[in-house]
Amino acid sequence: QVQLVESGGGLVQAGGSLRLSCAASGRTFTMYRMGWFRQDPGKEREFVASINWSGGITYYADSVKGRFTISRDSAKYTVYLQMNSLKPEDTAVYYCNVLARRPGSPQYSYWGQGTQVTVSS
């Protein structure tokens, strides 16, 4: 099992910034990708950004390109999401997602508990 602990959500005014963190821990595992999704009540969960663990290649949803930056600290098994120029439509619960594999097991997608981000206009 891989445990994910998220932090950094909160309330911010439009145009402001927040930084989310997600730390992965557990018994021996191989990390493939970490990323962030978000979900507003009544809507489907949507992709925000991800980073490949080995090469550091990043991917972003069009709605956040140029405003959000995903990065990782490999030594700490932690991924960050720097969110700048926040808009009210960024308001959602943000979920950390990890694609990892434990020895002898197939790849598995793990989810964090979610952290609320609220952007006021």
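This structure is a prediction, so every number in the text was calculated from the model and none was measured. Any value given below was found using the heavy atoms of this structure, including those in side chains, with hydrogens, waters and symmetry copies removed.
Side chain to side chain, Arg19 and Tyr80 fail the donor-acceptor criterion of an N or O pair below 3.5 Å. Between the side chains of Asn97 and Ser109, a donor-acceptor pair is found at a separation under 3.5 Å.
Gln39 places no side-chain N or O within 3.5 Å of a backbone atom of Val93 that could act as its donor or acceptor partner. A distance-only check finds a donor-acceptor pair linking the side chain of Asp73 to the backbone of Ala75 [under 3.5 Å].
A heavy-atom distance below 4.5 Å is not found between the side chains of Val2 and Tyr108. No side-chain heavy atom of Thr91 sits under 4.5 Å from any side-chain heavy atom of Arg38. Between Met83 and Val119, the closest side-chain pair of non-hydrogen atoms is not below 4.5 Å.
Contact between Ala24 and Leu4 at its shortest, heavy atoms only, is CB-CD2, 3.6 Å. Between Tyr60 and Ala49, the shortest heavy-atom distance links the atoms CD2-CB, 3.6 Å. Taking both residues in full, the closest heavy atoms of Trp53 and Met34 are given as CZ3-SD, 3.2 Å, listed atom of the first, atom of the second, then distance. When all heavy atoms of Thr78 and Lys76 are compared, the pair lying nearest together is OG1-O, 2.9 Å. Ser85 and Arg67 get closest at one heavy-atom pair: O-NH1, 3.0 Å.
Transitive grouping of hydrophobic side chains (ILVMFWY, heavy atoms separated by less than 4.5 Å) keeps Trp111 and Phe29 in distinct clusters. Hydrophobic clustering (side-chain heavy atoms under 4.5 Å, transitive across Ile, Leu, Val, Met, Phe, Trp, Tyr) groups Leu20 together with Tyr110. Under the 4.5 Å side-chain heavy-atom criterion for grouping Ile, Leu, Val, Met, Phe, Trp and Tyr, Val79 is not connected to Tyr95 through any hydrophobic cluster. Under the 4.5 Å side-chain heavy-atom criterion for Ile, Leu, Val, Met, Phe, Trp and Tyr, Ile51 and Leu99 are members of distinct hydrophobic clusters. Tracing side-chain contacts under 4.5 Å through hydrophobic residues (I, L, V, M, F, W, Y), one reaches Met31 starting from Ile70; they form part of the same cluster.
Within the structure, disulfide bond (SG atoms under 2.5 Å apart) pairs that include any residue of residues 34-121 comprise Cys22-Cys96 (at least two apart or interchain). Sorted by first and then second residue, the salt bridge (Lys or Arg N to Asp or Glu O under 4.0 Å) pairs involving residues 107-120 (not counting sequence neighbours) form an empty list.
Note on ring orientation: taking the six-membered ring where Trp is involved, the planes of Tyr94 and Phe68 are tilted (angle from 30° to 60°).
Ion pair Asp90/Lys87 not flagged as a salt bridge, since none of the NZ, NE, NH1 or NH2 atoms sits closer than 4.0 Å to an Asp/Glu carboxylate oxygen.
Separating the OG atom in Ser25 from the CD atom in Gln1 is a distance of 10.0 Å, to the nearest 0.5 Å.
The local environment of OH in Tyr77 is sparse, with at most 12 non-hydrogen atoms from other residues, nucleotides or ligands closer than 6.0 Å.
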